[in-house]
Amino acid sequence: MSNNDAMDRSSLSWKKSARHGAGEWLAERFTSVALIPLTLWAAYAGFTIAGTGYEGALAFVSRPLNMAAIAATVLITAWHMYMGLKVIIDDYIGKSGTRGFLIFLTFGLSAAVVVATAGALWLVYQGA
Amino acid sequence: MSEQTLKTLPPKIPTRPLSPHLQIWRWHVTMLGSILHRVTGSASVAGVILVAVWLVCLAMGRETYTVFVQYASTPLGLLVWFGLSLAGFIHLTGGLRHLIWDTGASFGPKTADSLTTWTLLLGVALTVAFWAVLFATGKVTL
């Protein structure tokens with residue numbers, strides 16, 4: 001951003017980010033708030049499934065409402081986790097090449113978790 | 001640009017120390033909470049991966065699932081689940097703390113300290129309660 005751009009900005013627009021940042025801030029808060037009920041539900045799910053073996057776990061996951069909750073929890077968690085790891089990498093990795101590569105790996109990991117979950121849920125759905 | 005101005009330009013900056021400076025700061029509870037929030041968040045990544053592996057094993061059928069549960073229910077496996085649940089609950093209550101701070105509340109040095117202490121304790125309490133109920137109902141046994 002050049003100085004001329006800076007002069008063009010009104011006092012109100014200073015409250016917003018020049019390029020981006022506000023979107024990330026909102027996304028972090030949105031995923032955080034959504035994950036409060038979702039992780040509490042996940043704890044309840046873990047409690048329900050514990051000790052019930054293959055049949056119990058399959059019966060729990062096969063229920064459409066539980067399936068939707070698992071999908072939502074994993075999707076929002078993967079998004080939240082990508083943003084969180086990216087911030088840590090941005091803070092600690094000074095070399096831009098290494099930083100970019102690690103952020104790319106983080107994105108790949110988050111996407112892999114979503115794809116694996118979606119595939120598993122689809123297989124369970126087909127079998128049910 | 002003249003030769004003179006070029007000489008006054010700052011030299012190419014070598015590697016600077018990156019945040020945060022653990023060796024320099026005096027430890028205090030909000031700093032501990034901040035560090036723990038990152039540590040527990042990172043540890044929860046392992047939890048997410050493990051849950052995805054669990055779900056894939058379930059989808060692959062009885063044999064694969066039985067192998068997963070055999071490992072998951074050993075004392076070492078339970079210790080891993082316990083650690084992951086502790087990380088998850090501390091990150092959850094730490095997230096609550098940050099959302100409270102996001103509203104602009106509890107920013108005074110004293111209230112920020114006590115909010116951090118209480119959310120950390122709540123995270124530990126939730127974990128202990130969770131496992132107490134798991135063992136009390138006989139769902140998990142050593």
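Every chain is numbered from 1, with letters handed out A, B, ... down the list of sequences.
Heavy-atom neighbours of B:Phe135 CZ from other residues, nucleotides or ligands within 6.0 Å: above the threshold of 12. Under a cut-off of 6.0 angstrom, the local environment of CG in A:Leu65 is sparse, with at most 12 non-hydrogen atoms contributed by other residues, nucleotides or ligands. Shown here is B:Phe107, whose CZ atom has more than 12 heavy atoms of other residues, nucleotides or ligands within 6.0 Å.
Annotation: the span from A:Glu28 atom CD to B:His98 atom NE2 amounts to 10.5 Å, rounded to 0.5 Å. In this structure, CG in A:Leu40 is found 5.5 Å from CG in B:Leu92, a value given to the nearest 0.5 Å. The NZ atom of B:Lys139 lies 6.0 Å from the OG1 atom of A:Thr52; values are rounded to the nearest 0.5 Å. In this structure, B:Arg38 CZ and A:Asp91 CG are separated by 4.5 Å, a value rounded to the nearest 0.5 Å.
For B:His37, no part sits under 4.5 Å from any heavy atom of chain A, backbone or side chain. Interface remark: A:Thr106 contributes no atoms to any contact with chain B (heavy atom separation under 4.5 Å). Contact annotation for B:Leu96: only side-chain heavy atoms (C-beta onward) come within less than 4.5 Å of a heavy atom of chain A. Using a 4.5 Å cut-off between heavy atoms, A:Thr39 contacts chain B through its side chain alone, with no backbone atom that close. With a threshold of 4.5 angstrom between heavy atoms, A:Trp122 does not approach chain B through any atom at all.
The choice from A:Val114, A:Leu121, A:Ile88 that makes the most heavy-atom pairs within less than 4.5 Å of chain B is A:Ile88. Between chain A and the residues B:Cys57, B:Ala52, B:Gly61, the largest count of heavy-atom pairs under 4.5 Å involves B:Gly61. Comparing B:Val140, B:Leu134, B:Asp102 by how many heavy-atom pairs each has under 4.5 Å with chain A, the most go to B:Asp102. When the candidates B:Val53, B:Val69, B:Val45 are compared by the number of heavy-atom contacts under 4.5 Å with chain A, B:Val45 comes out ahead. Here A:Ala57 is the residue among A:Ala116, A:Ala57, A:Gly46, A:Ser32 with the most heavy-atom pairs under 4.5 Å with chain B. Chosen from A:Thr117, A:Ile70, A:Leu35, the residue pairing most often with chain B at heavy-atom distances under 4.5 Å is A:Thr117.
Of all the heavy atoms in A:Phe47 and B:Thr137, the pair that sits closest is CE1-OG1, 3.8 Å. Of all non-hydrogen atoms in A:Ala43 and B:Phe89, the two that sit nearest each other are CB-CZ, 4.1 Å. Between A:Ala120 and B:Ala59, the closest heavy-atom pair is O-CB, 3.5 Å.
Clustering ILVMFWY residues whenever any of their side-chain heavy atoms sit less than 4.5 angstrom apart, transitively, puts B:Trp81 in a cluster other than the one holding B:Val56. B:Phe82 and B:Val48 fall within the same hydrophobic cluster, defined by Ile, Leu, Val, Met, Phe, Trp and Tyr side-chain heavy atoms under 4.5 Å apart, directly or through other members. Note on A:Trp79 and A:Leu75: separate hydrophobic clusters, where clusters join Ile, Leu, Val, Met, Phe, Trp and Tyr whose side-chain heavy atoms are under 4.5 Å apart, directly or indirectly. The cluster map of Ile, Leu, Val, Met, Phe, Trp and Tyr, joined by side-chain heavy atoms under 4.5 Å apart, puts A:Val87 and A:Met83 in different clusters. Under the 4.5 Å side-chain heavy-atom criterion for Ile, Leu, Val, Met, Phe, Trp and Tyr, B:Val133 and B:Leu122 are members of the same hydrophobic cluster.
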Audit row: B:Val51, A:Thr73, side-chain contact (heavy atoms from CB on, under 4.5 Å) steps and yes/no: CA-CA 11 Å; B:Val51 167; A:Thr73 307; over 6 Å; no

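Here the side chains of A:Val74 and B:Leu55 are not in contact, with every heavy-atom distance at 4.5 Å or above. The closest side-chain heavy-atom distance from A:Leu58 to B:Arg62 is not below 4.5 Å. Annotation: side chain of B:Leu99 is in contact with side chain of A:Ile36 (closest heavy-atom distance under 4.5 Å). At least one side-chain heavy atom of B:Trp54 sits less than 4.5 Å from a side-chain heavy atom of A:Ile49.
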